[in-house]
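Written out below as structure tokens is the structure these notes cover.
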Number of protein chains: 2
Amino acid sequence: MAASRMTAASRVAGAARKDPAPEDDVFDYGELSELLGYQFKRAQLRIFEDFIRCVAALQLTPAQFSVLVMLEKNPGRNQTEIATALGILRPNFVSMLDALESRELCERVRSPHDRRSHLVMLTDKGRSVLSRAKRLVATKHEARLNALLGEGDRATLLRILDKLAGF
Amino acid sequence: MAASRMTAASRVAGAARKDPAPEDDVFDYGELSELLGYQFKRAQLRIFEDFIRCVAALQLTPAQFSVLVMLEKNPGRNQTEIATALGILRPNFVSMLDALESRELCERVRSPHDRRSHLVMLTDKGRSVLSRAKRLVATKHEARLNALLGEGDRATLLRILDKLAGF
DNA sequence: TATTGTTATACTCTATAACTATA
DNA sequence: TATAGTTATAGAGTATAACAATA
């Protein structure tokens with residue numbers, strides 16, 4: 001049944017053939033073809049590669065972009081709150097913020113109410129860079145995904161991903 | 001529009017409210033809610049976590065499982081071929097094979113035709129472990145995904161992932 | 001005593017250069 | 001000279017423990 005269906009994965013390796021002549025570059029992926037986790041991982045890597053390429057002019061990784069979006073939408077939060085909301089561990093968030101702050105995209109300000117906390121704020125430059133990044137993401141990255149998937153499949157995919165959020 | 005739709009991501013942080021009273025633990029994920037790459041990454045991490053948990057009895061990672069499947073379906077291939085077919089770089093495949101070979105799940109045999117090549121073969125033990133792993137994946141991991149998604153969405157998701165393979 | 005930001009550290013993945021033995 | 005397997009190494013990403021300042 002792996003041979004009865006023509007998947008993109010099998011198309012990569014070589015053209016379809018009626019006789020199963022073992023050409024050197026054709027692999028049988030077996031149950032990996034139907035394993036959601038495997039296909040998911042490969043797709044995710046490609047999507048991140050494309051994101052990085054599309055936003056290369058602004059030198060922002062997907063993770064950095066997600067931090068800037070969270071800072072814009074949730075001003076006045078401290079480091080721990082932003083980090084955990086994004087699934088980033090607090091120790092690992094320190095160097096991430098260092099990198100963004102050294103580029104003057106955000107700044108840490110001591111909370112007047114709790115001097116242990118650093119409230120993280122977008123700078124004007126950060127707001128400007130984020131605005132340009134959003135435009136690149138929308139017009140290049142997401143546009144390319146839309147062209148490949150179509151509006152219907154894009155919406156369907158988001159709906160399924162939302163289901164998986166409770167996994 | 002981010003607030004007009006109830007996503008699982010927003011449900012995680014807190015219950016729905018009509019008035020936008022800023023509860024301490026509610027975050028606005030902004031355009032991340034609609035960013036395919038972001039949702040993809042989170043979902044993929046959850047799926048891999050579940051895979052590892054379901055196959056924990058056999059101590060196989062998703063990557064190791066994929067290698068064993070490829071060895072079973074493509075016997076007589078050398079290291080470079082298996083590695084590149086899985087998107088693994090040749091240097092990094094060495095230690096992966098070392099780990100599997102030290103557990104006697106596979107073995108390297110010198111090719112009689114080209115003494116540079118190591119043909120990688122599943123051992124009987126490897127075949128046995130793989131067989132048990134496939135059963136765990138099917139009855140626990142994939143079964144859990146099926147229960148959450150339903151047969152229809154599972155098939156739809158695989159079809160969309162196949163589209164993304166050409167991304 | 002508990003929490004925030006931080007340092008140190010370690011382990012996994014990923015990526016590149018260069019070596020060896022074969023061809 | 002080119003290729004297969006390997007070593008060494010470096011960089012991200014992720015994880016835990018512990019410390020100083022503050023509550």
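Chain naming here is simple, since letters A, B, ... match the order of the sequence lines and numbering starts at 1 in each.
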Looking at [X], I'd like to know if its [atom1] atom is crowded, meaning that more than 12 non-hydrogen atoms belonging to other residues, nucleotides or ligands lie closer than 6.0 Å.
{"X": "A:Arg90", "atom1": "CZ", "result": "yes"}
{"X": "A:Lys73", "atom1": "NZ", "result": "yes"}
{"X": "A:Met121", "atom1": "CE", "result": "no"}

Closest nucleotide of DNA chain C for B:Ala63 versus for A:Asn78: which of these residues is on the 5' side?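 The residue closer to the strand's 5' end, by nearest nucleotide, is A:Asn78.
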B:Ser117 vs A:Ile88, nearer the 5' end of DNA chain D by closest nucleotide: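 Of the two residues, B:Ser117 wins.
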Out of C:dT16, C:dT4, D:dT16, which nucleotide sits closest to the side chain of B:Pro91?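 The nucleotide sitting nearest to the side chain is C:dT16.
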Starting the side chain at C-beta, find the nucleotide from D:dT14, D:dT6, C:dT6 nearest to B:Gln79.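 Comparing D:dT14, D:dT6, C:dT6 against the side chain of B:Gln79, the answer is D:dT6.
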Taking atom [atom2] of [N] as reference, at what distance in whole Å does atom [atom1] of [X] sit?
{"X": "A:Met96", "N": "C:dG5", "atom1": "CE", "atom2": "C1'", "answer": "16 Å"}
{"X": "B:Leu97", "N": "D:dT6", "atom1": "CG", "atom2": "C1'", "answer": "12 Å"}
{"X": "A:Asn92", "N": "C:dA10", "atom1": "CG", "atom2": "P", "answer": "15 Å"}
{"X": "A:Leu45", "N": "D:dA12", "atom1": "CG", "atom2": "P", "answer": "17 Å"}
{"X": "B:Phe93", "N": "C:dA15", "atom1": "CZ", "atom2": "P", "answer": "16 Å"}
{"X": "A:Asp98", "N": "C:dG5", "atom1": "CG", "atom2": "C1'", "answer": "11 Å"}
{"X": "B:Arg115", "N": "C:dT20", "atom1": "CZ", "atom2": "C1'", "answer": "13 Å"}
{"X": "A:His113", "N": "C:dT4", "atom1": "NE2", "atom2": "C1'", "answer": "17 Å"}

Could you check whether A:Arg90 gets within reach of a base, just the sugar-phosphate, or nothing at all, counting any heavy atom under 4.0 Å?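 If one applies the 4.0 Å heavy-atom cut-off, A:Arg90 turns out to touch a base.
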Tell me what B:Asp114 touches on the nucleic acid: a base, only sugar-phosphate, or nothing, going by heavy atoms under 4.0 Å.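 It contacts sugar-phosphate atoms only.
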Hey, is the side chain of A:Arg108 poking within less than 4.0 Å of OP1 or OP2 on C:dT6, counting only N and O atoms?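 The answer is yes; a side-chain N or O of A:Arg108 sits under 4.0 Å from OP1 or OP2.
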Give a yes/no on whether any side-chain N or O of B:Thr80 is located under 4.0 angstrom from OP1 or OP2 of D:dG5.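 Yes.
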Test your reading of the model: is there a side-chain donor-acceptor pair from B:Asn146 to the backbone of B:Glu151, 3.5 Å cut-off?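 Side chain of B:Asn146 to backbone of B:Glu151, a donor-acceptor pair under 3.5 Å: no, none is there.
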Is a side-chain donor or acceptor of A:Glu101 paired with a backbone partner of A:Arg108 at a separation under 3.5 angstrom?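 A pair under 3.5 Å: yes.
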Mark yes or no for a side-chain to base donor-acceptor pair under 3.5 Å between A:Arg116 and C:dT3, with no hydrogen or angle criteria applied.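 Yes.
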